[in-house]
Every structure is written in C-alpha cells, then in structure tokens.
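To keep things clear, I will list the structure first and then write my remarks on it.
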Amino acid sequence: MDIVVCVSGGGTNLQAIIDKIADGSISDTRIVGVISNNRDAYALKRAEDAGIEAVCISPKDYESRDEFNEALLKGVDKFAPDLIVLAGFLVNIPEQMVVRYRNRIINIHPSLIPSFCGKGYYGLKVHEKALERGVKVTGATVHYVDEGTDTGPIILQKAVEVMDGDTPEILQRRVMEQAEWIILPKAIDMIAKGMDI
Ligand code: GRF
C-alpha cells in the first residue's frame with residue numbers, strides 16, 4: 001500500500017509511522033511522499049532524513065484558494081497513493097480531493113470525537129478547551145475524511161487520563177504518546193491488511 005502523509009508542523013505522528021513501518025508493526029506499506037503546506041515544518045526534515053520525497057505546497061504561493069486546491073490535488077495525484085494520511089495537516093481538504101479519494105483519506109484528531117472537534121479545534125486549542133471544560137478523560141481519534149470538519153466515520157479511538165496540574169502542553173504530549181502515535185499507525189496497518197473498518 002502506497003501512502004502519502006500530509007503535515008504542517010513537528011511531524012511526530014509522521015515519525016511514528018516511519019518507525020512502525022521500519023519495525024514491521026505496519027505491514028505492506030511504504031510512504032511514497034510527504035506534503036506540507038508549511039515550508040518551515042520540521043516534519044519535512046524528518047521525511048528527508050528517512051529518504052522520503054518531501055514537497056511543500058503552500059497557499060502563500062498561489063493567487064487564489066482554487067489555484068492552491070488544484071496544486072494540492074495535482075501534488076497528491078503525482079504520487080498515486082492508495083491512502084492519504086493527514087498527520088497534523090492544518091488545511092481544509094478541497095471537496096474535489098475528498099470526492100476523488102473517497103474513503104481513502106484518514107485524519108488524526110487529538111480528542112475523543114465528537115468532543116472538542118470541528119472548525120477552530122486544532123493543535124493546542126483542543127487541549128486548552130478540554131482543560132477549560134474540566135474533563136477527566138480525553139484522547140485521540142482516527143477517522144475517515146469527508147466533506148465536513150472531523151465528521152467522517154471513526155476508525156479508532158483511544159482514551160487518555162487528564163491529570164491534576166496538566167497544562168495544554170503537558171496534556172498534548174501525553175495524548176500524543178499514549179494515543180496518537182499508537183492508533184494512527186494501527187489504523188494504517190488495519191487498512192493495509194484490508195480489514196473491514
Ligand atoms: C497532533 O496532535 C494531531 O492530532 C493534530 O496536530 C498535531 C500534529 O502533531 N491534528 P505532529 O506534527 O504530528 O507532531
């Protein structure tokens with residue numbers, strides 16, 4: 001199974017996928033390309049260090065959103081992926097991409113959907129809202145991407161305890177370590193094995 005991983009930031013989820021392909025816990029899968037909308041994303045360095053072709057397709061380089069959307073779709077098509085993995089990709093996926101890759105785009109979100117998700121809920125903000133609300137348990141979700149924001153069918157979830165004294169940064173790190181870096185590679189492996197999800 002050929003996958004393209006889309007990133008915007010540090011790339012710790014990308015690194016988890018790279019490591020789990022290398023140690024065999026993700027079977028029959030190779031990363032054929034990494035795409036970032038952010039030229040300064042550390043994730044691009046992780047891809048290059050792993051010998052994976054990495055490209056930046058930034059909205060800043062295009063006159064209009066339509067032009068950017070077209071360039072993004074062309075950039076993905078060039079790799080002819082079986083699956084597209086959104087690993088901290090802070091871009092609204094163009095409708096034509098959702099249609100062309102129906103049920104072949106998955107996303108990791110750092111909460112137990114339907115809590116703390118949707119427009120405006122991304123990165124650290126999710127954990128700030130979880131702490132503000134005072135939840136005792138949070139976690140992460142892998143889901144298919146449809147035309148909505150965080151609304152696609154859920155594939156896997158994993159719960160993580162919220163501890164006294166947690167800051168958004170501490171909680172974010174725990175959710176990554178105890179949930180995201182586990183369920184995203186697992187979901188990819190399940191899809192590679194053709195499991196009914
Ligand atoms: C992760 O928490 C992911 O759930 C969210 O953005 C963050 C990206 O982290 N969508 P990284 O770039 O994989 O380290």
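Residues: numbered from 1 along the sequence shown. Whatever order the structure lists them in is the order used to number ligands and atoms, beginning at 1. Predicted model, so just to flag it, every value in this text is computed and none were measured.
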Side chain to side chain contact (heavy atoms under 4.5 Å, CB included) partner of S36, chosen from I57, L14, L44:
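Of the listed residues I57, L14, L44, the side chain to side chain contact (heavy atoms under 4.5 Å, CB included) partner of S36 is L44.
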Only one of V85, I35, L90, I93 clears side chain to side chain contact (heavy atoms under 4.5 Å, CB included) with C6; which?
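Of the listed residues V85, I35, L90, I93, the side chain to side chain contact (heavy atoms under 4.5 Å, CB included) partner of C6 is I35.
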Nearest to [atom], what protein heavy atom do you find, and at what distance?
atom                    : value
atom 2 (O) of ligand 1  : E180 OE2, 3.0 Å
atom 10 (N) of ligand 1 : I108 O, 3.4 Å
atom 14 (O) of ligand 1 : T12 OG1, 2.6 Å
atom 12 (O) of ligand 1 : G11 N, 2.8 Å

So is [X] polar-close to ligand 1, meaning N/O to N/O under 3.5 Å?
X    : answer
N13  : yes
G123 : no
Q172 : no

Applying side chain to side chain donor-acceptor pair (under 3.5 Å), run through D66 and S64 and close with a yes or a no.
CA-CA 5 Å; D66 285 351; S64 70; 5.3 Å; no
Just jot down the ligand 1 atoms closer than 4.0 angstrom to any heavy atom of M176, in number order.
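This gives 1 (C), 2 (O), 9 (O), 14 (O) as the contact atoms.
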Hey, does P81 have a side-chain heavy atom less than 4.5 Å from the side chain of Y101?
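In contact.
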Chi angles and distances behind the salt bridge (Lys or Arg N to Asp or Glu O under 4.0 Å) call for D61, R39
CA-CA 11 Å; D61 300 335; R39 210 169 295 293; 2.6 Å; yes
Are S58 and N37 close enough, and set up right, to give a side chain to side chain donor-acceptor pair (under 3.5 Å), and what steps lead you there?
CA-CA 4 Å; S58 167; N37 63 315; over 6 Å; no
List the steps, then state whether side-chain contact (heavy atoms from CB on, under 4.5 Å) holds for D150 with T141.
CA-CA 9 Å; D150 305 327; T141 303; over 6 Å; no
The one among A179, A16, G88 that brings a heavy atom closest to atom 6 (O) of ligand 1:
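Checking each option, the heavy atom nearest atom 6 (O) of ligand 1 is found in G88.
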